[in-house]
2 protein chains.
Amino acid sequence: MASRPKATILDIAREAGVSKSTVSLVLQGSDLIRPETALKVRKAIEDVGYVYNRGAANLRKAHSNVIGMVINDLTNPFFAEMAVGMERVFQSAGVVPFIANTAENPVRQEELLKSLMEQGVAGLIVSPARGTTPGAFRRIEMAGLPIVFTMRRLPESRIPVIAPDNHRGAWLATAHLIGKGHRRLAFFGGSSDLVVYHERLGGFREACEALGIAKRDTLVVEGETSRKGGIACLETALAMAEPPTAALCFNDAVAFGVMLALRKRGLEPGADFAVVGFDDVIEAQHYMPALTSVAVDSAGLGERAAHVMLKMIQSRTTRAEDHIGAVNLVIRDSCGPDRRAGMGDAA
Amino acid sequence: MASRPKATILDIAREAGVSKSTVSLVLQGSDLIRPETALKVRKAIEDVGYVYNRGAANLRKAHSNVIGMVINDLTNPFFAEMAVGMERVFQSAGVVPFIANTAENPVRQEELLKSLMEQGVAGLIVSPARGTTPGAFRRIEMAGLPIVFTMRRLPESRIPVIAPDNHRGAWLATAHLIGKGHRRLAFFGGSSDLVVYHERLGGFREACEALGIAKRDTLVVEGETSRKGGIACLETALAMAEPPTAALCFNDAVAFGVMLALRKRGLEPGADFAVVGFDDVIEAQHYMPALTSVAVDSAGLGERAAHVMLKMIQSRTTRAEDHIGAVNLVIRDSCGPDRRAGMGDAA
DNA sequence: CCCTATAAATGGAACGTTCCAATAAATCAA
DNA sequence: TTGATTTATTGGAACGTTCCATTTATAGGG
């Protein structure tokens, strides 16, 4: 049970009465080896409890079969789903994805990226932590390692990005609210250090402008991208002189918080105040009332990112095109018409 | 931008005008090197864009600084939280945890374990996939690699386990329901191929027996451990001649499903039918009504598992004690008294 | 029986580190 | 001055693979 010296291909060779080269070939499934010999070797491998040493192999072979995925928040089911989508693709390509979680901490992110590189990964898929500095990926680019960003984009960077069409999603959601007769709209949650925030807010603003909502009838409240943040946003909004009657939320978590806060005040989400979420996580459909949300197909984006990465590795390039995923407004029960205005059109 | 040959310590040595040994010592932060020399070397390292090759190093150094965590379902926030707890501990110990997701697939699990071992991890923390065969970890044990299980236990295995006190949790929850006056109780969800299932069901049964509930007044419905499973369980139960008035659910997801299904039938969870969950995921407190659930402190268990692992690595042993984590019944709004029986005691 | 072609197996150098033993330089006690 | 001690640096073997260039065995053609 003690840690006996590990078996190597030399031990196998001795056991099987062949040379180490032969063992190596068997391990690689070469057809240069006579089947009976291969069998003998495989038996020896089993007998000595051999564990392949990929580190030693990579010393000669240049590139490994593992890619690293660095995720900013694993407890957000949205990212977890994306990770699962990627795994599906990588698995069938014989690539092993190792996941690491930065918990939105750029320092931690730096450490993990370093570690992954030292480990000799073949590529990196990263959903950058909030507050990542633009230079954080210079070393990786210098090393010529394939890398793609998912979900989030960095201000000035040539690294390919796989992300949903945030602008359009926000536009659609906002138009939906306006179509329901709402005239005073809010955008809740998120903070301006995220590019995603500007994309979604931009869609919101453009839709308002295009559909005749004056800027002074819109309200933007920054806040944490969590239930707690949503609660805070709603409190702020309802404290205003002329509060909004509907809100587009930065993401579903914020929307859940808003609905919770409404209930706590005796208001019914949907009927008394319309709310739209973003991301369409699984829970959205199970809430009471079910949440209208912008579906971004996180698993699909994960798959896409994985495919792009495989292509990059295969073609030994470090460049790839951005991919902006289609979004889809899923209408449920959280957006009634504006009650105060004389009945808007009921869709 | 093309993949130039990677820089090695020899390149650094040449650049800095020292020997490779000196560079190696600098990399390890040895105090045998004159500070000025170290500075010179560090500059060279920066200049050539050097990336440390841990695979090569491990060839001599025996043990690495990475440990693998193999999780059965990353999209379950419960496991994600546990993973995050572990990460906290490992980070401060300078150990890098790589996470891999089996998605409850034993074959996938086997592949991942193999890969992790080949990568030369220092230890393994595993939450086994459903249907894992007892022999799946023989190779790992043979290799003398430290391994601990979390949350789930395998039928006959000497591998240390870090898990919540499922039996007691179920007992407490059941006693709570009985205390509320319920006399016909159900256990919903889960399947008997999981040891956890037997532990929780066992607690349920013992509490019933100890507190005077006849076996024929209890109902056990197996089912998926998901919302969907919960919905199905409730349908089955309400179709019976004398349906139960309360249920302990295998986990929170099942409980959510049960509440959903109750609503769909026009019944109010808590008032018309009492339901208790298990795990106490974050959403439990945000549901309507807030779910009474057995809190298992997943992050804490994760931390504990990480500590045990560190200890094992440090003391070069492959043995450790099991750790059964305390549980805590969190009473919220999903369990009113039995209405049909003449008012039980109101807690 | 020799020559060539094919199949099967092998030895050895190389990969990028670590670490031991050895060297070189500087300091000190006598 | 000499030898001993300390400080700073270095060469070289070793780690477990891969893969090229060889060798050995087997078969086929004349």
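Residue numbers begin at 1 in each chain, while the letters A, B, ... track the order of the sequences.
Of the candidate nucleotides D:dT10, D:dG16, C:dG16, D:dT10 has the atom nearest to the side chain of B:V18. When distances run from any side-chain atom of B:S24 to the nucleotides C:dC15, C:dT18, D:dC15, the shortest one goes to C:dT18. Checking D:dT9, D:dC15, C:dC15 against the side-chain heavy atoms of B:T37 singles out D:dT9 as nearest. Among the nucleotides D:dT9, C:dG16, C:dT18, the one closest to any side-chain atom of B:L32 is D:dT9. Out of D:dT10, D:dC19, C:dT17, the shortest distance to the side chain of B:S21 is found at D:dT10. In this structure, of C:dT17, D:dC19, D:dG16, it is D:dC19 that holds the atom nearest to the side chain of A:Q28.
Remark: P of C:dC15 and CZ of B:R60 are 18 Å apart, rounded to the nearest angstrom. Here the P atom of nucleotide D:dA14 and the CG atom of A:N53 are 18 Å apart, to the nearest Å. We find that CZ of A:R54 is positioned 20 Å from C1' of C:dT17, with the value rounded to whole Å. Atom NZ in A:K6 sits roughly 14 Å away from atom P in D:dC15 (whole-Å rounding). Between the CG atom of B:N58 and the P atom of D:dC15 there is a distance of 15 Å, given to the nearest Å. The distance between atom NZ of A:K20 and atom P of D:dC19, rounded to the nearest whole Å, is 13 Å. The NZ atom of B:K40 sits 12 Å away from the C1' atom of D:dA8 (whole-angstrom rounding). Distance CG (B:L25) to P (C:dC20): 11 Å, rounded to an integer number of Å.
Looking at B:N72 and B:T102, their side chains never bring a donor and an acceptor atom within 3.5 Å of each other.
Between A:V23 and B:T22, the residue anchored closer to the 5' end of DNA chain D is B:T22, taking for each the nucleotide with the nearest heavy atom. Residue B:A38 is the one, among B:A38 and B:A56, whose nearest nucleotide of DNA chain D lies closer to the 5' end (criterion: closest heavy atom).
Between B:R152 and B:E104, at least one side-chain N (NZ, or NE/NH1/NH2) sits under 4.0 Å from a carboxylate O, which counts as a salt bridge.
Residue contacts shown for B:I33 are limited to sugar-phosphate atoms, with no base heavy atom under 4.0 Å away. As judged by a 4.0 angstrom heavy-atom cut-off over every strand, A:I9 is placed among the base-contacting residues.
Here the OG-CZ distance, from B:S115 to A:R54, works out to 5.5 Å after rounding to the nearest 0.5 Å.
OP1 or OP2 of D:dT9 has at least one side-chain nitrogen or oxygen of B:R34 nearer than 4.0 Å.
A donor N or O paired with an acceptor N or O is not found under 3.5 Å between the base of C:dG11 and the side-chain atoms of A:S19.
Note on residues 119-164 of chain B: pairs passing ring pair (Phe, Tyr, Trp, His ring centres under 6.0 Å), not counting sequence neighbours, are B:F137-B:F149.
None of A:L124, A:V96, A:I313 except one satisfies the side chain to side chain contact (heavy atoms under 4.5 Å, CB included) rule with A:I67; the exception is A:I313.
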